[in-house]
Amino acid sequence: MEEVILLGFWTSPYVMRVKIALLEKGIQFKYKEEEDIFENRNKSHLLLKSNPIHKKVPVLIHNGRPICESLIILQYIDEVWKHEYRLCSDDAHNRARAMFWIDFFDKKIADCGRKMWACKGEEQESGKKEFIDCLKLLENELGDKLYFEGHHFGLLDIALIPITCRFYTYERMCKFSVEEECPRFMEWVTRCYQRQSVSDALPHPHQVYDFVLQIKKRFGVE
Ligand code: GS8
């Protein structure tokens with residue numbers, strides 16, 4: 001009997017990646033929510049023991065052994081449950097391409113996302129511009145395809161889709177519309193949300209917005 005536990009936090013896009021992958025593969029798992037991910041002293045003993053280096057979620061604990069970092073977890077899941085739906089392409093070039101865009105996105109989004117919700121004035125504007133530029137590049141990579149790998153909902157789709165539950169927050173705080181800026185990207189978002197795994201794994205954008213307002217208060221960035 002396999003034991004699969006996911007340590008998470010509900011607004012974390014990195015955790016949502018893992019949830020989507022587990023749901024797509026039909027793997028049974030137990031989800032454990034961290035009560036407060038922002039203060040090391042409030043993190044669970046299990047999280048600190050399982051990810052002592054970064055102390056971050058997600059962590060997947062498979063038969064008692066932890067695996068950390070969302071992308072590494074996705075690759076692990078794909079290798080261990082290989083007879084189910086495939087997350088990673090069999091083609092080495094497609095796989096490398098997906099990894100390239102995930103790496104690009106992960107490096108950009110932390111900084112421009114923070115500027116959009118935590119800053120004002122020029123800094124906020126520059127975050128918004130960087131964010132839109134980043135989406136336009138991704139939209140270009142998507143082209144006319146249904147998903148980033150064509151007809152297959154794959155690794156890059158899974159890695160990118162979770163951030164879209166923050167779009168409502170960014171749009172409200174920075175006064176713009178992703179739909180107007182990147183209509184084809186938004187068609188892809190709608191298509192992905194039609195998948196059960198995505199609609200089950202992602203929280204409602206309005207809940208995320210309320211959460212960001214609370215965080216702004218807590219950290220005094222109103
Ligand atoms: C990032 C995980 C992360 O930032 C990954 O898994 O891909 N590169 C890692 N996790 C956040 C959750 S919020 O999105 C976290 O655990 N933060 C706690 C902290 O910074 O102390």
Side-chain angles (χ1 to χ4, degrees), residues 8-20 37-38 54-58 68-74 96-143 147-148 154-193 198 201-222:
F9 187 72
W10 71 279
T11 60
S12 167
Y14 305 104
V15 173
M16 292 172 212
R17 287 175 173 175
V18 179
K19 274 193 188 169
I20 296 171
I37 197 66
F38 298 102
H54 298 302
K55 306 176 179 64
K56 290 185 181 192
V57 290
C68 307
E69 288 291 313
S70 61
L71 262 192
I72 295 172
I73 299 172
L74 294 187
R97 212 175 163 88
M99 297 300 283
F100 169 82
W101 283 109
I102 297 170
D103 178 63
F104 164 80
F105 177 78
D106 281 358
K107 282 177 181 151
K108 277 256 174 257
I109 193 66
D111 188 46
C112 57
R114 188 194 47 79
K115 282 187 190 157
M116 282 191 289
W117 72 262
C119 298
K120 285 199 176 123
E122 262 177 46
E123 234 183 324
Q124 190 182 48
E125 270 306 301
S126 85
K128 169 171 124 183
K129 189 181 170 309
E130 263 177 66
F131 178 69
I132 294 172
D133 289 348
C134 169
L135 289 188
K136 283 191 194 293
L137 289 171
L138 290 168
E139 187 177 49
N140 192 48
E141 171 65 16
L142 178 66
Y147 298 113
F148 281 90
L155 195 71
L156 184 51
D157 302 289
I158 295 178
L160 294 180
I161 194 67
I163 201 69
T164 64
C165 70
R166 294 192 180 175
F167 280 10
Y168 173 77
T169 301
Y170 297 151
E171 289 176 324
R172 259 190 91 163
M173 290 182 173
C174 302
K175 316 241 173 326
F176 72 108
S177 153
V178 178
E179 174 90 63
E180 274 169 29
E181 300 285 347
C182 306
R184 273 187 301 117
F185 188 84
M186 279 312 285
E187 282 171 23
W188 166 82
V189 174
T190 309
R191 202 171 298 128
C192 291
Y193 267 80
V198 174
L202 270 52
H204 194 283
H206 293 185
Q207 285 178 313
V208 175
Y209 177 72
D210 290 342
F211 174 79
V212 173
L213 292 183
Q214 285 171 28
I215 291 298
K216 279 170 78 99
K217 247 190 209 152
R218 175 168 170 185
F219 294 105
V221 288
E222 281 176 284

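Only a predicted model underlies this, so the values are computations on that prediction, with no experimental measurement involved. Note that these values count all heavy atoms, side chains included, but never hydrogens, waters or copies made by symmetry.
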What I'd like to find out is whether the side chain of [X] reaches to under 4.5 Å of the side chain of [Y], using heavy atoms alone.
{"X": "Phe211", "Y": "Thr169", "value": "no"}
{"X": "Leu71", "Y": "Asp103", "value": "no"}
{"X": "Tyr14", "Y": "Val18", "value": "no"}
{"X": "Val221", "Y": "Ile215", "value": "no"}
{"X": "Glu69", "Y": "His54", "value": "yes"}
{"X": "Val15", "Y": "Trp10", "value": "no"}
{"X": "Val198", "Y": "Met16", "value": "no"}
{"X": "Lys115", "Y": "Glu125", "value": "no"}

Backbone N/O of [Y] and side chain of [X]: donor-acceptor pair under 3.5 Å:
{"X": "Thr190", "Y": "Met186", "value": "yes"}
{"X": "Lys19", "Y": "Ala201", "value": "no"}
{"X": "Arg184", "Y": "Gly143", "value": "yes"}
{"X": "Arg17", "Y": "Ile158", "value": "no"}
{"X": "Glu171", "Y": "Ser177", "value": "no"}
{"X": "Asp157", "Y": "Gly154", "value": "yes"}
{"X": "Lys216", "Y": "Trp117", "value": "yes"}
{"X": "Glu141", "Y": "Trp101", "value": "no"}
{"X": "Arg166", "Y": "Thr11", "value": "yes"}

Rounded distance [0.5 Å steps], [atom1] in [X] versus [atom2] in [Y]:
{"X": "Leu160", "Y": "Asp106", "atom1": "CG", "atom2": "CG", "result": "8.5 Å"}
{"X": "Cys134", "Y": "Ile132", "atom1": "SG", "atom2": "CD1", "result": "11.0 Å"}
{"X": "Ile102", "Y": "Lys107", "atom1": "CD1", "atom2": "NZ", "result": "12.5 Å"}
{"X": "Glu139", "Y": "Cys182", "atom1": "CD", "atom2": "SG", "result": "4.5 Å"}
{"X": "Leu155", "Y": "Tyr147", "atom1": "CG", "atom2": "OH", "result": "15.0 Å"}
{"X": "Lys56", "Y": "Phe9", "atom1": "NZ", "atom2": "CZ", "result": "14.0 Å"}

Inset, instruction - Count the heavy atoms of every other residue, nucleotide or ligand shown that sit under 6.0 Å from NZ of Lys136, and state whether that count exceeds 12. - result: yes

Inset, instruction - Over 60° means perpendicular and under 30° means parallel, so classify the ring planes of Tyr168 and His206, tilted if in between. - result: tilted

Inset, instruction - Look at the aromatic rings of Trp188 and Phe185 and report parallel, tilted or perpendicular, splitting at 30° and 60°. - result: tilted

Inset, instruction - Would you check, one step at a time, whether the test side-chain contact (heavy atoms from CB on, under 4.5 Å) holds for Cys165 with Tyr193? - result: CA-CA 10 Å; Cys165 70; Tyr193 267 80; 3.8 Å; yes

Legend entry - Ring centers of Phe131, Phe167 separated by less than 6.0 Å: yes

Inset, instruction - Tell me whether the centres of the aromatic rings in Phe38 and Phe219 are closer together than 6.0 Å. - result: yes

Inset, instruction - Indicate the atoms forming the closest heavy-atom contact of Ile20 with Pro162, along with that distance. - result: CD1-CG, 4.2 Å

Inset, instruction - Could you give me the CA-CA distance, side-chain angles and deciding distance for Asp111 and Lys108, then say whether salt bridge (charged side-chain N to carboxylate O under 4.0 Å, His left out) is met? - result: CA-CA 6 Å; Asp111 188 46; Lys108 277 256 174 257; over 6 Å; no

